[in-house]
Amino acid sequence: MTTPNTTLRAVRMGLLLSQDDMARRIREAGARAGEPNGASKRLVQRWESGASTNPRPVYARALEAVTGLPIEALGFEVAVRVSDDGRGGHDLSSSATSSSANTSPAPVTGPGNYSGIWLSRYEYFSSGRENTFTGLHHVVLLQHGNRLTVRSLPGSSDSPLTMELSVDGNVITGTWKEQTSGDSYYQGAVYHGAVQLLVEPTGRRMTGKWVGFGKEFDVNTGPWELVFKGASTNKAALEVYNQKPE
């Protein structure tokens, strides 16, 4: 019996891509790298259903380019990885012990595991409208080691949000990027900046501050929090939260 690759599905949905879009992005990444591939919607379906658990190297490299994540973080079985040893050579490293070589990598478990669906809430002051507004998104957060990737669900906001974060104890630091809606006051402008959050002892709430430039290219800041909603990132859970927060 196959086990669905819910991690890959969550990453794809976090990138606001359909299975067709994902296949196209993989083909484009291969072409840019000089490694053409024949990625199709059917292939993406096979990966997500668990029918195919070990993509060929040409697809693995394209997947890494599209998602910005190592192949081990995408729910696939990877026995050996080649890496730069920092001295002009390369090292071979096993991603699993011999007794677990056929086990799919999974997000970190136990205390400090933040993978799941979260509610993102931040506040910002609009100088043009002389008022404070709140940005809300349901986001998928995936943790691999001390790295967190955050992608908003497409139905939760008209302005897609992404975050790249790292964990150091109970301190989380990283960057954010938001593509505003073309129909909004900001007319599709892209904003980005930095964020630092503190994790509460329960591990179910992160609070802190963001910093970034404004419409007039001044540096602004404001509060930001992430509130845990659920650990599951399967299709049913994603459908529940793929809507605008109340």
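FYI, the numbering just counts along the sequence from 1. Since the model is a prediction, treat every value here as computed from it, not as a measurement. The analysis underlying the following values was restricted to heavy atoms, covering all of them including side chains, and did not include hydrogens, waters or symmetry mates.
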Donor-acceptor contact below 3.5 Å, side chain [X] vs main chain [Y]:
| X | Y | value |
| --- | --- | --- |
| E64 | I71 | yes |
| W118 | V227 | no |
| H138 | Q243 | yes |
| H144 | L74 | no |
| T180 | A189 | yes |
| S115 | Q143 | yes |
| N242 | G155 | yes |

Kindly give the heavy-atom pair with the smallest separation between [X] and [Y], and that separation in Å.
| X | Y | answer |
| --- | --- | --- |
| V167 | G169 | CG1-O, 3.4 Å |
| T233 | A10 | CB-CB, 3.9 Å |
| P55 | L63 | CG-CD1, 4.3 Å |
| S126 | F133 | CB-CE1, 3.7 Å |
| A62 | A29 | O-CB, 4.0 Å |
| L43 | A39 | CD2-CA, 4.1 Å |

Carboxylate-amine/guanidinium proximity below 4.0 Å for E164 and R151
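Yes, charged N to carboxylate O under 4.0 Å.
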
What I want to find out is whether D21 reaches R12 closely enough, with some N-O distance under 4.0 Å, to be called a salt bridge.
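So D21 does not pair with R12 through a salt bridge.
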
Would you mind reporting whether P70 and R147 have side-chain heavy atoms less than 4.5 Å apart?
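The answer is yes; the side chains approach within 4.5 Å.
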
Side-chain heavy atoms of T175 within contact of H192, under 4.5 Å
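No, side chains not in contact.
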
Shared ILVMFWY cluster between [X] and [Y], side chains joined below 4.5 angstrom?
| X | Y | answer |
| --- | --- | --- |
| L161 | L119 | no |
| I172 | L198 | no |
| V190 | W224 | no |
| L16 | V140 | no |
| V150 | V211 | no |

[X] side, atom [atom1]; [Y] side, atom [atom2] - distance, nearest 0.5 Å:
| X | Y | atom1 | atom2 | result |
| --- | --- | --- | --- | --- |
| L238 | R9 | CG | CZ | 7.5 Å |
| L141 | M163 | CG | CE | 8.5 Å |
| L136 | S152 | CG | OG | 12.0 Å |
| Y59 | N37 | OH | CG | 5.0 Å |
| L226 | L165 | CG | CG | 7.5 Å |
| R32 | R25 | CZ | CZ | 8.5 Å |

Just jot down the side chain to side chain contact (heavy atoms under 4.5 Å, CB included) partners of Q196, sequence neighbours excluded, or say none.
V171, T173

How far apart are the C-alpha atoms of Y122 and W176, what are their side-chain angles, what is the distance that settles it, and do they pass the ring-ring contact (aromatic ring centres under 6.0 Å, His included) test?
CA-CA 12 Å; Y122 65 85; W176 61 269; 7.0 Å; no

CZ of R129: more than 12 outside heavy atoms within 6.0 angstrom?
yes

Are more than 12 heavy atoms from other residues, nucleotides or ligands located less than 6.0 Å from atom CG of D168?
no

Compute whether any side-chain donor of one residue and acceptor of the other, for S18 and D20, lie under 3.5 angstrom apart.
no

E48, R46, R42 screened by side-chain contact (heavy atoms from CB on, under 4.5 Å) with V44, the one that passes
E48

Going by salt bridge (Lys or Arg N to Asp or Glu O under 4.0 Å), name the residues that satisfy it together with E200, two or more places apart in sequence or in a different chain.
R205

